[in-house]
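Working notes, structure below.
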Amino acid sequence: MIMKDKSIMKEELGKMLDKYPAAAFKGRKGHTLVVDQCLAPQEMVADTRTIPGIITERGCTYAGCKGVVVGPLKDTIAITHGPIGCGYYSWLTRRNKARKNEGEEHNFLAYCFSTDMQEADIVFGGEKKLRAAITEVVEIFHPKTVMICATCPVGLIGDDINAVAVWAEKELGVQTIAFNCEGYKGVSQSAGHHIANNGLFKHIMGTGDAPKKDFSINILGEYNIGGDGWEIERLLKIIGYNIISIMSGDGTVERLRSAHKADLNLVQCHRSINYVAEMLREKHGTDWIKVNFLGIESTIQSLRDTAKYFNDPGLIERTEELIEAELLAIGPKMEKYREICKGKTAALFVGGSRANHFQGLFKELGMETVLAGFEFAHRDDYEGREVIPTIKANADNKNIENLVVERDEKSYRLILSEERYAQLSKEMSLNYFEGMIKIMNDGTVVVDDINHYEMESFMKLLKPDVFGSGIKEKYVIHKMGTFSKQLHSYDYSGPFAGFKGAVIFARDIAMGLTTPAWKLIKPKWKTEPMLEGNYIEEVG
Ligand code: SF4
């Protein structure tokens, strides 16, 4: 059920934007739209500078590189080179779970490594301190690799972290990789993803020699929040896939080295990992498919597409058996929660992919998504990869390296014949992502880089029953009397992926919507008379 029709919504959107001063109006007007499939393709403005002082929800390049992509790799030591804040605030706050599996040597995720730069390091340079830090971690922890993640001051004072990495490798015999992911680069976390993809592709991927096995895959852009990756792995292993590497939740650098040996890459988060998926394709010929393991229907679709790619009767049969068994197990539970949730509406504002991924799950609970948006997605995440050639470079993304990759004749191989590729492309998304707008209903709203003024305006206008977003928004929404569900940290619950995850998600949403506290927000004396009694006149 849509609250208002699309022409009314467009009018309301216009009124909201009209309240901005002229410069802010100019800066924000292309970042919101009302979905109108008759006008498709609708163009979004995205991945541009945030307006100063507007109270954005965005983070920085360091967060995208160290916090998202590099940080979850458990067998490497990621040193934050900078003052203590960046490392401290990102210490264990993202729930990319990791455990030491059989045969694995290290799990360093519980630690926070920082050079803790002081005034003297800013004045005289921090390279000496960085060298000392690397020497110390190598002596104490014996890692096989060290990653250096730069923060804002590092680029400004000119510390040459790449030279320190070369020094460390020569002097200490440990592979050391420098990431120039200073927070001010780009406009959001997104630049950090790109920098991390480039570094891992250049220095790690393709250097391993894991034995070749049948049905080998990588899972890319899956960060094992609340154990999502483990649930996805469980399903894929039952069917019989050989998972070479996972990038990067519960992942290891050692497994990532052999990622080029996979027959197929499954891409969960398109925004953060599409660079590596494309580079693996260009250099080694490996195709990728866009999957989504959040939601029952999309999990089924993802499992079927993966099996279809390999076209093996055994895999296809095991896939169908697994789907049947899992559906049977969750059916009655999902129905119970659906009864509670159906007819309600959701607004979603999450990083670069989840606002898209969770829409199916809400639909399965009988709920409609009335607003969806991303902090740092690009136009292709909204409109589909077909728009990539039309995206213009700007001053902020021009300085992020675009790796040019050449075919490696030794490892390059195509799994599909030309005819089969053409046929499959019609049946599934091969090396393609359709974007979010295409799956949304007419009259719903899409917002890029939302800010607090817009969030509050949309809350009043759309009155969603649940707002799915992050920690910074959560209590603002709660204070407005609406249930907010964190879709970054899962409110410390999860997993939400796969069939079992769908039930946990449904339970969490049903619990949140029916929490008795929502009925107690208005004190009784505002809704009911405080005193009750009769006046009796005494006649003397
Ligand atoms: S913006 Fe700069 S100072 Fe802030 S967290 Fe990012 S790297 Fe650190």
Side-chain angles (χ1 to χ4, degrees), residues 215-247 249 262-274 276-277 280-281 286-312 314-327 329-330 334 352-364 381 384-385 415-416 424-436 438-439 494-505:
F215 314 130
S216 288
I217 56 171
N218 296 309
I219 307 172
L220 304 181
E222 168 47 54
Y223 301 101
N224 201 29
I225 304 296
D228 274 355
W230 290 333
E231 185 53 18
I232 297 167
E233 273 190 283
R234 182 184 72 84
L235 299 173
L236 293 168
K237 279 183 177 163
I238 292 174
I239 296 170
Y241 294 102
N242 170 43
I243 301 165
I244 294 188
S245 73
I246 185 154
M247 191 171 173
D263 304 317
L264 178 68
N265 289 316
L266 310 189
V267 171
Q268 173 74 16
C269 171
H270 173 264
R271 181 67 268 134
S272 66
I273 228 75
N274 76 95
V276 148
L280 282 168
R281 186 173 166 226
T286 328
D287 288 317
W288 60 270
I289 58 171
K290 177 72 188 77
V291 291
N292 177 15
F293 289 100
L294 292 160
I296 299 168
E297 279 308 314
S298 54
T299 297
I300 292 174
Q301 186 69 45
S302 301
L303 293 174
R304 283 189 177 146
D305 284 352
T306 312
K308 198 186 271 181
Y309 183 87
F310 287 97
N311 204 21
D312 176 82
L315 271 190
I316 294 171
E317 199 185 316
R318 287 195 294 280
T319 302
E320 293 307 322
E321 280 168 10
L322 175 92
I323 293 170
E324 204 185 317
E326 296 278 327
L327 283 179
I330 65 164
M334 280 304 281
S353 65
R354 285 165 198 269
N356 176 21
H357 288 157
F358 274 95
Q359 291 195 32
L361 252 176
F362 278 108
K363 203 170 168 189
E364 278 150 14
D381 302 292
R385 282 187 73 89
I415 303 292
L416 303 180
L424 264 192
S425 298
K426 287 186 207 145
E427 297 171 25
M428 60 201 256
S429 292
L430 256 184
N431 304 305
Y432 173 71
F433 173 47
E434 64 175 350
M436 183 173 76
K438 294 190 189 88
I439 66 161
F496 290 162
F499 302 92
K500 289 185 180 175
V503 177
I504 299 171
F505 177 77

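The shown structure was predicted, so the numbers you read here are calculated from the model rather than taken from an experiment.
Separating the CD atom in Gln359 from the CG atom in Asn292 is a distance of 10.5 Å, to the nearest 0.5 Å. Here Thr306 contributes atom OG1 and Ile316 contributes atom CD1; the two are 11.0 Å apart, rounded to the nearest 0.5 Å. The distance from atom CZ of Phe496 to atom NE2 of His357, rounded to the nearest 0.5 Å, is 15.5 Å. Taken to the nearest 0.5 Å, the CZ atom of Arg281 stands 11.0 Å off from the CG atom of Asn265. For the atom pair NZ (Lys308) and CG (Asn311), the distance works out to 9.5 Å, reported to the nearest 0.5 Å. Rounding to the nearest 0.5 Å gives a distance of 4.5 Å between CD1 of Ile323 and CZ of Arg304.
At least one side-chain heavy atom of Ile243 sits under 4.5 Å from a side-chain heavy atom of Ile217. Side-chain atoms of Thr286 and Ile415, non-hydrogen and from C-beta on, never get closer than 4.5 Å to each other. Two residues are said to be in side-chain contact when any heavy atoms from C-beta on lie closer than 4.5 Å; Leu235 and Glu326 meet this criterion. Residues Thr319 and Phe310 fail the side-chain proximity criterion, which asks for heavy atoms closer than 4.5 Å.
The two residues Ile504 and Gly494 have their closest heavy-atom pair at CD1-O, 4.0 Å. Heavy atoms only, all atoms of each residue included: Ser216 and Ile244 are closest at CB-CD1, 3.7 Å. The two residues Tyr223 and Ser272 make their nearest non-hydrogen contact at OH-OG, 2.7 Å.
With sequence neighbours excluded, the residues satisfying side chain to side chain donor-acceptor pair (under 3.5 Å) with Asp263 are Lys212, Arg413. Residues meeting the side chain to side chain contact (heavy atoms under 4.5 Å, CB included) test with Asp305, sequence neighbours left out: Ile289, Gln301, Met428. Listed by chain and number, the residues in a ring-ring contact (aromatic ring centres under 6.0 Å, His included) with Phe499 amount to none (sequence neighbours excluded). Every residue two or more places apart in sequence or in another chain that forms a side chain to side chain contact (heavy atoms under 4.5 Å, CB included) with Ala497 is listed here: Asp228, Ile232, Phe293, Leu294. Every side chain to side chain contact (heavy atoms under 4.5 Å, CB included) that Ala277 has, sequence neighbours left out, goes to Leu220, Val267, Trp288. A search for side chain to side chain donor-acceptor pair (under 3.5 Å) contacts involving Glu233 returns nothing, not counting sequence neighbours.
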Practice item. Check the pair Asn356 / Asp381 against side chain to side chain contact (heavy atoms under 4.5 Å, CB included), numbers first and verdict last. Key: CA-CA 9 Å; Asn356 176 21; Asp381 302 292; over 6 Å; no

Review point. When you look at Ile238 and Glu321, which way does the side chain to side chain contact (heavy atoms under 4.5 Å, CB included) test go after all the steps?
Key: CA-CA 10 Å; Ile238 292 174; Glu321 280 168 10; over 6 Å; no

Check your understanding: Between Asp287 and Leu424, is a side chain to side chain contact (heavy atoms under 4.5 Å, CB included) present by the stated rule, with each step listed?
Key -> CA-CA 12 Å; Asp287 288 317; Leu424 264 192; over 6 Å; no

Check your understanding: Which is it for Ile300 and Leu327 under the side chain to side chain contact (heavy atoms under 4.5 Å, CB included) test, yes or no, and what are the steps along the way?
Key -> CA-CA 10 Å; Ile300 292 174; Leu327 283 179; 4.0 Å; yes

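Sparse packing is recorded around NZ of Lys363, with 12 or fewer heavy atoms of other residues, nucleotides or ligands lying under 6.0 Å away. Residue Glu324 places its CD atom among 12 or fewer non-hydrogen atoms of other residues, nucleotides or ligands, all under 6.0 Å distant.
Under a 3.5 Å cut-off, the side chain of Lys290 and the backbone N or O of Gln268 do form a donor-acceptor pair.
Note: Phe215 and Tyr309 fail the aromatic proximity criterion, with ring centroids not under 6.0 Å apart.
At a threshold of 4.0 Å, the pair Glu231-Arg234 counts as salt-bridged, since one of the basic side-chain nitrogens sits closer than that to a carboxylate oxygen.
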